[in-house]
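Have a look at the structure below, then the notes.
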Number of protein chains: 2
Amino acid sequence: MTHNLLDYPGKMHAGGYRVTPQRKAILDAICEAGRRVTVEEITLRLRKKSPTLNRATIYRNLLFLQRMHLVNGAGDGKDKRFEIASVEPHHHLICRECGRETGLDRTRVERLKRAIQKESRFTIDDDHLCFFGICRRCASGANRKSQASAKQRTGWKPRRKHASS
Amino acid sequence: MTHNLLDYPGKMHAGGYRVTPQRKAILDAICEAGRRVTVEEITLRLRKKSPTLNRATIYRNLLFLQRMHLVNGAGDGKDKRFEIASVEPHHHLICRECGRETGLDRTRVERLKRAIQKESRFTIDDDHLCFFGICRRCASGANRKSQASAKQRTGWKPRRKHASS
DNA sequence: ATTGTTAATGCGATTATTTGCAATAAGGAT
DNA sequence: ATCCTTATTGCAAATAATCGCATTAACAAT
């Protein structure tokens with residue numbers, strides 16, 4: 001239970017918020033997944049242990065947990081994914097093509113954050129940034145077929161001027 | 001028409017995609033707004049000049065235009081906002097509290113992107129990053145009442161242990 | 001253990017977004 | 001100008017996400 005390291009009850013109480021079984025269940029579900037999960041996956045996991053937990057409660061708490069910095073979310077629409085916020089700030093490089101994540105040396109990013117904060121006195125409170133782009137493999141065209149479904153999923157076919165078979 | 005600088009017909013054709021009046025209308029609508037706009041605002045603007053343009057077409061093209069790097073989108077859910085992608089890469093600091101944007105010296109960010117690319121050979125194709133956090137004014141508590149509605153909008157009341165009037 | 005306060009949940013009803021598919025129309029070729 | 005291919009649209013139906021409000025239950029205080 002990674003999230004226990006975060007002392008989430010303490011953080012919630014400190015803000016005047018309450019620790020409910022629903023919130024615990026949601027944190028558990030994300031934690032047990034052990035990777036970045038979509039709302040759908042979270043909902044499915046919850047069906048088992050907490051079948052009565054309401055849809056609206058999930059959405060509300062996902063927002064809440066993000067605000068509390070207990071959970072990090074990144075991505076667009078249905079592809080948005082959540083994970084337990086790590087004690088250690090860390091960042092991701094996510095490939096738009098194949099969806100794979102690459103680690104990212106955090107010192108560099110933290111340095112940028114500090115520099116920005118120093119200059120503009122704006123505090124970036126995100127300890128978990130996601131940068132989207134194209135990974136090495138996809139850039140080289142190495143894995144065209146293997147995971148090229150990203151495009152299809154959003155409904156656009158790749159370029160193919162009229163030319164038979 | 002800032003977006004004409006981008007040669008969007010060229011980019012679309014290059015990918016085997018088509019330039020339709022609907023796409024033009026959507027780009028125009030975002031452009032005319034002259035600032036980061038929500039789907040709702042885009043829809044409202046389109047009602048006037050292109051009343052027949054379908055909902056689904058708007059959503060599909062917003063995705064499409066982002067993929068084409070003609071439009072940038074950032075933010076969560078209904079707060080997601082779009083703007084015409086500038087020829088010049090630029091980045092934003094957006095305050096979670098009051099929603100205001102602060103400019104951000106882009107050289108620093110570009111340097112980070114280059115460094116990452118060099119190290120991991122991952123190409124961050126985002127020329128428009130949004131960093132969320134707390135701006136100077138809100139951090140100092142200067143404008144509590146003026147724009148503190150951000151919290152209410154998502155349905156949470158600020159901490160206030162029971163104490164009358 | 002009981003009580004009071006009010007944050008949080010569940011529910012039903014809206015509203016927002018997505019999807020499948022037939023009909024339409026962009027743009028290359030003749 | 002006309003034809004052909006197929007990307008894109010509009011529509012209607014399906015899903016997903018949000019909202020208002022009455023009810024429930026955390027938790028601080030007694």
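Residue numbering restarts at 1 for every chain, and letters A, B, ... go by the order of the sequence lines.
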Checking A:Phe132 now: which residues fulfil side-chain contact (heavy atoms from CB on, under 4.5 Å) with it, not counting sequence neighbours?
A:Ile94, A:Arg96, A:Cys130
What do the steps show when you test A:Ile124 against A:Leu112 for side-chain contact (heavy atoms from CB on, under 4.5 Å), and what is the final call?
CA-CA 10 Å; A:Ile124 295 175; A:Leu112 174 75; over 6 Å; no
Please tell me if B:Arg18 has a side-chain N or O lying less than 4.0 Å from either OP1 or OP2 of D:dT6.
no
Distance test, side-chain N/O of B:Asn54 to OP1/OP2 of D:dT9, below 4.0 Å:
no
Kindly say if B:Thr57 contacts the phosphate of D:dT9, meaning a side-chain N or O under 4.0 Å from OP1 or OP2.
no
Measuring to OP1 and OP2 of C:dG10, would you say a side-chain N or O of A:Gln22 lies under 4.0 angstrom away?
yes
From C-beta outward on B:Arg60, which listed nucleotide comes closest to its side chain: C:dG27, D:dC19, D:dC11?
D:dC11
5'-most contact on DNA chain D: A:Ala56 or A:Glu40, nearest heavy atom basis?
A:Glu40
I need the full list of salt bridge (Lys or Arg N to Asp or Glu O under 4.0 Å) pairs touching residues 107-116 of chain B, with sequence neighbours left out, sorted by first then second residue.
A:Glu119-B:Arg108, B:Glu110-B:Lys113
Phosphate oxygens OP1/OP2 of C:dA8: is one of them under 4.0 Å from a side-chain N or O of A:Arg23?
yes
Between A:Phe64 and A:Tyr17, what is the ring plane arrangement, given parallel below 30°, perpendicular above 60°, and tilted in between?
perpendicular
According to a strict under-4.0 Å criterion, is B:Thr20 in side-chain N/O contact with OP1 or OP2 of D:dA7?
no
